[in-house]
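Report on one structure; see the data block that follows.
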Amino acid sequence: SYPTLKSYTTTNTGKFSLNPGYDYLKHSNYEFTKKFYTKFRAFDGEFYSNWMKVKITVKYTNQNPVLSPIGMKNIEVGETLSFTLQATDADNENHLGFYLYWCPDYDGFADYGGCYHSNEKPYPEGVSFNPYTGEFEWKTTMESSGVKGVKFYAWDLYGGVDEEAVVINVYKTIDLSLTKGSVLKG
């Protein structure tokens, strides 16, 4: 009997195509390959025909998760930056995780320099990150000021990864209000 397939077609040219669809291979059972047998018949249209039994093997190919865009972040010193990473997976995997690499050597352009994970050394003071939920929070201080680089990642249990490099600009607003008779000195 045929497996539950999304579609298959045959033509009088002898071409056979098969589209098993995602649900044919079940992740939860770790079935990455399924095999089934089918028979094909060649017929001359009048009298003669020949049957052939064929084994068809369907192999699983993981699709990477897709991290929702994060974009550049701007935050004033003393404020808290918080957001939650979001990701989807075309394989319908519900076991996605997240991680980040802190890039202290970010040069303000494209070079993120020597980035590190929290397993290598702690993130800066005030930074917290939950790898299960993707919740990121940074309580900025005066020492936080400047342009920072961070790389965020979404991953699945089968080796698929997506990433986005993000620039975080921590700025300090300076009040330059003048009163009558005051002199601005540089």
Side-chain angles (χ1 to χ4, degrees), residues 6 19-34 57-177 184 186:
K6 188 172 182 182
N19 181 3
Y22 166 76
D23 291 330
Y24 182 62
L25 295 171
K26 302 288 184 188
H27 286 236
S28 59
N29 297 329
Y30 294 97
E31 295 179 54
F32 292 109
T33 302
K34 280 196 176 177
T57 302
V58 179
K59 292 185 179 180
Y60 167 73
T61 301
N62 186 43
Q63 297 182 58
N64 290 340
V66 177
L67 188 61
S68 296
I70 303 162
M72 181 178 180
K73 303 293 183 187
N74 292 295
I75 182 109
E76 187 169 1
V77 167
E79 298 293 320
T80 299
L81 173 64
S82 63
F83 55 89
T84 301
L85 300 178
Q86 301 290 322
T88 58
D89 195 316
D91 298 324
N92 297 324
E93 296 166 9
N94 53 5
H95 298 291
L96 297 178
F98 304 95
Y99 60 95
L100 74 85
Y101 275 76
W102 195 262
C103 307
D105 299 329
Y106 176 68
D107 67 2
F109 297 100
D111 185 8
Y112 278 75
C115 302
Y116 65 87
H117 188 272
S118 65
N119 292 346
E120 299 164 8
K121 63 182 183 178
Y123 297 136
E125 184 178 338
V127 173
S128 66
F129 182 70
N130 184 322
Y132 303 104
T133 63
E135 294 175 52
F136 174 83
E137 183 175 280
W138 187 12
K139 296 176 183 172
T140 62
T141 63
M142 203 52 189
E143 291 78 35
S144 309
S145 65
V147 178
K148 311 298 181 188
V150 181
K151 291 183 179 180
F152 292 97
Y153 297 82
W155 59 273
D156 65 27
L157 295 175
Y158 305 97
V161 176
D162 189 21
E163 74 172 271
E164 182 178 345
V166 174
V167 173
I168 301 174
N169 178 28
V170 183
Y171 62 92
K172 176 68 178 156
T173 301
I174 300 171
D175 183 10
L176 293 178
S177 57
L184 182 63

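- A distance-only check finds a donor-acceptor pair linking the side chain of Tyr116 to the backbone of Pro122 [under 3.5 Å].
- In terms of heavy-atom proximity, Thr80 sits nearest to Glu137 at CG2-CG, 3.5 Å.
- Gly71 and Val166 make their closest contact through O-CG1, 3.3 Å (heavy atoms, listed as atom of the first residue, atom of the second, distance).
- The aromatic rings of Phe136 and Phe152 sit perpendicular to each other, their planes meeting at more than 60°, with 30° as the lower class boundary.
- The line from CH2 of Trp102 to CD1 of Ile168 is 5.0 Å long, rounded to the nearest 0.5 Å.
- Looking at every heavy atom in both residues, Glu164 comes nearest to Leu67 through N-CD2, 4.0 Å.
- The shortest non-hydrogen separation linking Pro65 to Asp162 is O-CB, 3.1 Å.
- Rounding to the nearest 0.5 Å places CG of Leu85 at 12.0 Å from OH of Tyr99.
- The CD1 atom of Ile70 lies 10.0 Å from the CD atom of Glu163; values are rounded to the nearest 0.5 Å.
- Note: Leu157 CG to Leu96 CG = 8.0 Å, rounded to the nearest 0.5 Å.
- In this structure, Ser145 and Val77 approach most closely via the heavy-atom pair CB-CG2, 3.8 Å.
- Looking at residues two or more places apart in sequence or on another chain, you find no salt bridge (Lys or Arg N to Asp or Glu O under 4.0 Å) involving Glu76.
- In terms of heavy-atom proximity, Glu120 sits nearest to Cys115 at OE1-O, 4.1 Å.
- Checked against the 6.0 Å centroid criterion, the rings of Phe98 and Phe129 do not qualify as a close aromatic pair.
- Not a single donor-acceptor pair under 3.5 Å links the side chain of Thr84 to the backbone N or O of Glu135.
- Taking CD from Glu79 and CG from Leu81, the interatomic distance works out to 10.5 Å, rounded to the nearest 0.5 Å.
- Residue Glu125 qualifies as open at atom CD: its count of foreign heavy atoms under 6.0 Å is 12 or below.
- From Trp138, atom CH2 reaches atom NZ of Lys148 across 5.5 Å, with rounding to the nearest 0.5 Å.
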